[in-house]
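Start at 1 with the first residue, then count along the sequence. Every heavy atom of this structure was used, including side-chain atoms; hydrogens, water molecules and symmetry mates were not.
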Amino acid sequence: MTSVAVITVVRGRHEHLVAQHGSLATGSRCPDDRIVVAMGDPELHDWAPAEAPTPRVLPIEAHPDGLPLAAARNLGAQAAIARGADVLVFLDVDCLASPWLVADYADAVTTEPGRLWCGPVTYLPPAPAGGYRLDDLEAWDDPHPARPAPEPGERVHGGDPDLFWSLSFAVHRDTWTRIGGFCEEYVGYGGEDTDFGRRAVTAGVELGWTGAARAFHQHHAVESPPVRHLDDILRNGAIFRRHWGWWPMQGWLDAFAERGLIERDGDDWVRSRGV
């Protein structure tokens with residue numbers, strides 16, 4: 001039988017992690033393996049919830065420049081593959097899994113193992129008193145409009161690789177190896193998802209979108225544009241440009257420029273003088 005691992009990288013957001021675990025525990029298919037990578041978060045090292053799937057928590061040190069998201073995902077994948085996983089499901093710590101997410105990803109990856117599979121993600125409003133009820137998630141269903149969102153039971157092939165995001169996706173172990181994982185030059189906020197989508201294209205791996213693998217992103221405060229991550233975005237954007245010849249995250253860069261925070265220096269973006 002196909003072995004499925006769910007991999008989550010985390011720093012803080014412990015309540016969201018607990019809620020996510022509850023959604024996996026009540027799903028139509030329980031993961032065969034559960035990997036949690038704690039990024040400079042020793043409070044999680046002994047986390048042992050009562051419900052299956054029992055997590056294996058892997059520590060990774062924080063990086064001086066920010067969270068090592070790419071390296072943490074690679075570590076989780078490496079551990080899952082070493083433990084026999086055929087299907088790698090990556091789920092952001094803020095995401096609750098629908099009851100069919102694991103089963104649908106497993107079926108999609110098993111049926112077409114050469115694709116990089118993504119599921120629709122709904123951004124939830126602030127939680128009501130007592131938190132989100134898993135039984136009520138279907139009523140909130142309203143997937144992000146910028147990405148394909150087939151209905152449950154439907155699948156769509158192809159699409160712009162720049163639409164890939166790591167909130168929720170699944171891949172066969174052999175296809176993961178073919179892509180080469182995430183580029184660990186990226187540290188902190190931004191860039192590594194778009195790079196991964198480009199790495200997939202270069203490896204001849206197309207996207208797929210599967211409708212029953214629905215996830216629900218728990219609400220938290222956001223900053224738009226993410227000014228506190230400005231240095232991360234400039235650093236990671238420059239890395240991406242070096243690899244691919246153009247700057248990603250253009251909407252954020254434009255917003256920073258409009259606020260006078262950054263300016264052009266030839267083909268590069270840099271902090272504005274005096275900022």
Discussion item. Check for me, please, whether Ile60 and Ile7 land in the same ILVMFWY cluster - side-chain distances under 4.5 Å, paths through other members count.
Written reply: yes
Item to complete: Establish whether Val187 and Trp244 are linked, either directly or via other cluster members, by ILVMFWY side-chain heavy-atom contacts under 4.5 Å.
Response: no
Practice prompt. State, to 0.1 Å, how close Pro31 and Val6 come at their nearest heavy-atom pair, and which atoms those are.
Written response: CG-CG2, 3.5 Å
Discussion item. Are Pro68 and Met39 packed together at the side-chain level, in the sense that at least one heavy-atom pair is separated by less than 4.5 angstrom?
Written reply: yes
Item to complete: Mark yes when over 12 heavy atoms from residues, nucleotides or ligands other than Glu138 sit less than 6.0 Å from its CD; otherwise mark no.
Response: no
Considering only distance and modelled atom types, tabulate donor-acceptor pairs under 3.5 Å from the side chains of residues 221-228, sequence neighbours left out.
{"residue": "Glu223", "atom": "OE1", "partner": "Val227", "partner atom": "N", "Å": "3.3"}
{"residue": "Glu223", "atom": "OE1", "partner": "Arg228", "partner atom": "N", "Å": "3.1"}

Worksheet item: Does Val89 reach the side chain of Val4, with side-chain heavy atoms less than 4.5 Å apart?
Response: yes
Discussion item. Salt bridge or not between Arg242 and Glu185? Use side-chain N to carboxylate O under 4.0 Å.
Written reply: yes
Response to the item:
Taken to the nearest 0.5 Å, the spacing of Asp231 CG from Asp65 CG works out to 9.5 Å
Worksheet item: Please walk me through it: do Ile81 and Leu88 pass side chain to side chain contact (heavy atoms under 4.5 Å, CB included)?
Response: CA-CA 8 Å; Ile81 291 171; Leu88 310 177; 4.1 Å; yes
Discussion item. Assess, by modelled atom type and distance only, whether the side chains of Arg34 and Thr8 contain a donor and an acceptor separated by less than 3.5 Å.
Written reply: yes
Worksheet item: Which pair of heavy atoms, one from Gly76 and one from Ile35, lies closest together, and at what distance?
Response: CA-CG2, 3.9 Å
Practice prompt. For Gln250, look at atom CD and say whether over 12 heavy atoms of other residues, nucleotides or ligands are found less than 6.0 Å away.
Written response: yes
Discussion item. I'd like to know if the side chain of His14 pairs up with that of Asp41 as donor and acceptor (distance under 3.5 Å, no hydrogens or angles considered).
Written reply: yes
Worksheet item: Is there side-chain contact between Phe90 and Tyr105, with at least one heavy-atom pair below 4.5 Å?
Response: no
Worksheet item: Is Tyr123 reaching over with its side chain to a backbone N or O of Asp142, donor-acceptor style, under 3.5 angstrom?
Response: no
Discussion item. As an exercise, state the distance from CG of Leu101 to OG of Ser23, rounded to the nearest 0.5 Å.
Written reply: 8.0 Å
Worksheet item: Looking at Trp209, is Arg147 sitting on its ring face, NZ or CZ under 6.0 Å from the six-membered ring centre and within 45 degrees of the normal?
Response: no
Worksheet item: Side chains of Asp86 and His172: do they bring a donor and an acceptor to under 3.5 Å?
Response: no
Worksheet item: Charged N to carboxylate O under 4.0 angstrom, Asp32 versus Arg83?
Response: no
Worksheet item: Salt bridge between Asp104 and Arg29, side-chain N to carboxylate O under 4.0 Å?
Response: no
Worksheet item: How about Pro49 and Pro55: do any of their side-chain heavy atoms sit closer than 4.5 Å?
Response: yes
Fill in: Non-hydrogen side-chain atoms of Pro120 and His144 separated by less than 4.5 Å
no
Fill in: SB check Arg198 Asp195 (cutoff 4.0 Å)
no
Item to complete: Rounded to the nearest 0.5 Å, what's the gap from OG1 on Thr210 to CZ on Arg155? Could you check?
Response: 3.5 Å
Discussion item. Looking only at the aromatic ring of each residue, does the gap between the centers of Phe216 and Tyr132 stay below 6.0 angstrom?
Written reply: no
Discussion item. Determine whether Gln218 and Cys95 satisfy the following criterion, side chain to side chain contact (heavy atoms under 4.5 Å, CB included), listing intermediate values before the conclusion.
Written reply: CA-CA 6 Å; Gln218 302 171 80; Cys95 286; over 6 Å; no
Discussion item. On a heavy-atom basis, which atom in Ala5 and which in Ala80 lie closest, and how many Å separate them?
Written reply: CB-CB, 3.7 Å
Worksheet item: Which heavy-atom pair separates Gly158 from Glu206 by the least distance, and what is that distance?
Response: CA-OE1, 4.4 Å
Discussion item. If only side-chain N and O atoms count, and only distance matters, is there a donor-acceptor pair under 3.5 Å linking Gln78 with Asn74?
Written reply: no
Practice prompt. Could you tell me whether a side-chain N or O of Thr111 sits under 3.5 Å from a main-chain N or O of Asp107, the two making a donor and an acceptor?
Written response: yes
Fill in: Any pair counted as salt bridge (charged side-chain N to carboxylate O under 4.0 Å, His left out), so long as it reaches residues 256-267, sequence neighbours left out
Arg241-Asp267, Glu263-Arg273
Worksheet item: Would Arg214 and Thr122 count as having a side-chain donor-acceptor pair, cut-off 3.5 Å?
Response: no
Worksheet item: Would you say Phe256 and Val270 are hydrophobically clustered, going by side-chain heavy atoms of ILVMFWY under 4.5 Å?
Response: no
Worksheet entry | Shortest non-hydrogen separation from Ala97 to Leu24 and the atoms involved | CB-CD2, 3.8 Å
Item to complete: On the 0 to 90° scale, with breaks at 30° and 60°, tag the Phe240-Trp246 ring pair as parallel, tilted or perpendicular.
Response: perpendicular
Practice prompt. Quick one: do Arg115 and Thr175 satisfy side chain to side chain contact (heavy atoms under 4.5 Å, CB included)? Show the steps, please.
Written response: CA-CA 7 Å; Arg115 290 189 181 273; Thr175 303; over 6 Å; no
Discussion item. Nearest 0.5 angstrom please: Arg13 CZ to Gln20 CD, how far?
Written reply: 12.0 Å
Item to complete: Please check if atom CD in Glu51 has more than 12 non-hydrogen atoms from other residues, nucleotides or ligands closer than 6.0 Å.
Response: yes
Practice prompt. Quick one: pull up CG in Leu137 and OG in Ser98 and give me the separation to the nearest 0.5 Å.
Written response: 8.5 Å
Worksheet item: Do Glu192 and Arg73 come within less than 4.5 Å of each other through their side chains, counting heavy atoms only?
Response: yes
Worksheet item: Looking only at atom types and distance, does a side-chain atom of Glu154 sit under 3.5 Å from a main-chain N or O of Glu151, one as donor and one as acceptor?
Response: yes
Worksheet item: Under a 4.5 Å side-chain heavy-atom rule over Ile, Leu, Val, Met, Phe, Trp and Tyr, are Trp269 and Ile233 clustered together?
Response: yes
Worksheet item: Using the benzene-type ring in the case of Trp, are the ring centres of Trp140 and His217 under 6.0 Å apart?
Response: no
Worksheet item: Only one of Asp92, Val93, Leu91 forms a side-chain contact (heavy atoms from CB on, under 4.5 Å) with Leu167, so which one is it?
Response: Asp92
Worksheet item: Honestly curious: do Leu69 and Phe182 fall in one hydrophobic cluster under the side-chain, below-4.5 Å linking rule?
Response: yes
Fill in: CG on Leu261 to CZ on Arg271, rounded to 0.5 Å
7.0 Å
Item to complete: Answer with yes or no after comparing the ring centroid distance for Trp165 and Phe196 against a 6.0 Å cut-off, counting only values under it.
Response: no
Item to complete: Could I get the full list of ring-ring contact (aromatic ring centres under 6.0 Å, His included) partners for Trp100, not counting sequence neighbours?
Response: none
Practice prompt. Please say whether more than 12 non-hydrogen atoms of neighbouring residues, nucleotides or ligands are located less than 6.0 Å from CG in Asp46.
Written response: no
Practice prompt. Could you walk me through whether Leu44 and Leu17 pass the side chain to side chain contact (heavy atoms under 4.5 Å, CB included) test, one step at a time?
Written response: CA-CA 10 Å; Leu44 282 177; Leu17 179 65; 3.8 Å; yes
Practice prompt. Identify the heavy atoms of Leu116 and Phe164 that sit nearest to each other, and give their distance.
Written response: CD2-CD1, 3.7 Å
Item to complete: Measure centre to centre between the rings of Tyr189 and Trp252, then say whether the value is under 6.0 Å.
Response: yes
Worksheet item: Taking C-beta and beyond as the side chain, do Val36 and Leu58 meet within less than 4.5 Å on heavy atoms?
Response: no
Fill in: Side-chain heavy atoms of Tyr186 within contact of Arg235, under 4.5 Å
no
